[in-house]
Number of protein chains: 2
Amino acid sequence: MALSERHPRPALTADCVVFGLDLEAEALKVLLVRRARGPFRGAWALPGGFVAPGECPQAAAARELEEETGLRDVFLEQLYTFGEPGRDPRGWVVSVASLALVRLDAQQPVACSDARAVAWQDAYAPPPLAFDHGRILDTALKRLRGKIRYQPIGFRLLPPKFTLSQLQTLYEVILRRRLDKRNFRKKILSMGILEELDETERRVAHRAARLYRFDPARYEAFCEQGAAFSL
Amino acid sequence: MALSERHPRPALTADCVVFGLDLEAEALKVLLVRRARGPFRGAWALPGGFVAPGECPQAAAARELEEETGLRDVFLEQLYTFGEPGRDPRGWVVSVASLALVRLDAQQPVACSDARAVAWQDAYAPPPLAFDHGRILDTALKRLRGKIRYQPIGFRLLPPKFTLSQLQTLYEVILRRRLDKRNFRKKILSMGILEELDETERRVAHRAARLYRFDPARYEAFCEQGAAFSL
DNA sequence: CCAAAAGTGTTTCACTTACACCCATGA
DNA sequence: TCATGGGTGTAAGTGAAACACTTTTGG
């Protein structure tokens, strides 16, 4: 006990960069809350809050996200820890930022707790953000762009059943460039990690597309053959 | 002020996974200290210590590293933040771990401060480590293996002037597999990021090898052409 | 029948891989 | 002169990129 008691301690927060994909608008969205209190009151910020004792930062991020927006069961991974002096006017506050990917259509976020409002906003052109949250968002965007190419995490932005065109749109929006349709389909199908379903997308004013589902078991088998996901 | 004051605070530490490369032994080394005090007294651990107010975690890692081992001017990047409850018997202690790469031959580490001893040990077969430092080391090894292939950070493990064989040994040791000599040379030279010197390695009982130097300016030019480092 | 997106193969080129011998140097 | 690592080129195969038309469906 003694040793750690002798040292001054920072406040510890967990912030969450939550991305969602708007397929119709072909836009990447980020979930922001309007601060109801404290410094930057009224400004947009990333959802987040103080980590509780006996709680790991990731769990705190998930808890705060649910408290402020109602979003649950969200894929989260640690992004980076921001601890530059002066990043928070309240004093010494260190933030463990996490990256989250959710289906935009699955749950409607609602403002609760410290949030006056919640909204999906353009991740590439966000409003001015509180604290150093702009920098955190930039870091998250870079990480997402890097990671999506060699890890199958993009599926978390899509519904469980999706068309290949939707998957391609996902990559085009995040990588910010057009991809060739035939080559994209060839490559993703050749990995054998998608389950081809006997259903098609309905309610469309043109030919209906076949639906696919990401299959974690096939992905595991794929990896064990020494292969690596890459797009 | 008020808001953050109301919340319990963790102790914040910065730990450092310092890698060095032993070219003769073809071994990857990690710098460990023997703890002089506190929990796990007498056990091997990563260098590190408490972060001071007004100090960013990275800077704290550098400071602690110098205090405990004398190593200065070291390349550091943030690795991961470990905050699982129970990871430190003293209570709630969150650690921001950093990854460091140094030249094994450049500076001799010496035990000072909280360290009873300092030693370079086999990174792939370390002694039992204090706290969750074994897990931190594993995380660092994975990160290093992943990163070295698409970022030119390996050079920091070598002297400024090095032979292509030394560079190849570096990759073989970290990736843990043999590489083809001709293909390796072709690929690294084709990037045009090395400066070919008119000097050769001396004091060898065989043909002397040409020396090269990593050229940051050429690397920048290389990147701006849209190319990407990869090995 | 028209608009809109789905679906489909082939060629070319670049890059990766596999592979073996002679050369220079110091002891 | 011998032991040791330095240095070099080519051929075959694999994967990436470029590219356009027909099909299906609902309105």
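Chain letters run A, B, ... following the sequence lines, proteins first and then strands; every chain starts at 1. Just the heavy atoms: all of them, side chains too, but no hydrogens, waters or symmetry mates, feed the values below.
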B:S165 vs D:dG5: side-chain N/O to OP1/OP2 distance below 4.0 Å: no
B:Y219 and B:F229 aromatic ring geometry - parallel, tilted or perpendicular at 30°/60° bounds: perpendicular
Any N/O donor-acceptor pair, A:K187 side-chain to D:dG15 base, under 3.5 Å: no
Side chain to side chain, B:E68 and B:V118, heavy atoms closer than 4.5 Å: no
Options C:dA24, C:dG7, C:dA27, nucleotide nearest the side-chain atoms of B:R207: C:dA24
Distance, rounded to the nearest Å, where B:F184 contributes CZ and C:dT16 contributes P: 13 Å
Euclidean distance, atom CZ of residue B:R210 to atom C1' of D:dG6 [Å, nearest integer]: 11 Å
Separation of atom NE2 in B:H206 from atom C1' in D:dA3, rounded to whole Å: 10 Å
Within 45° cone and under 6.0 Å: A:R176 NZ/CZ vs A:Y124 ring: yes
Separation of atom CG in A:L231 from atom C1' in D:dG15, rounded to whole Å: 14 Å
Any side-chain heavy-atom pair of A:E67 and A:E64 under 4.5 Å: yes
Distance, rounded to the nearest Å, where A:R149 contributes CZ and D:dA16 contributes C1': 12 Å
hbond_proxy A:R182 side chain to D:dA17 base (donor-acceptor, 3.5 Å cutoff): no
Sub-4.5 Å side-chain heavy-atom contact between B:K187 and B:L179: no
Residue whose nearest DNA chain D nucleotide is more 5′ - A:K181 or B:Y212: B:Y212
Gap between atoms NZ and P, on B:K186 and D:dA11 respectively (whole Å): 12 Å
A:N183 side chain, from C-beta outward: closest of D:dG6, D:dA17, C:dA5: D:dA17
Atom-to-atom span, CG of A:D180 to P of D:dA20 - whole angstrom: 11 Å
A:E172 CD to C:dA5 C1', straight-line distance once rounded to whole Å: 14 Å
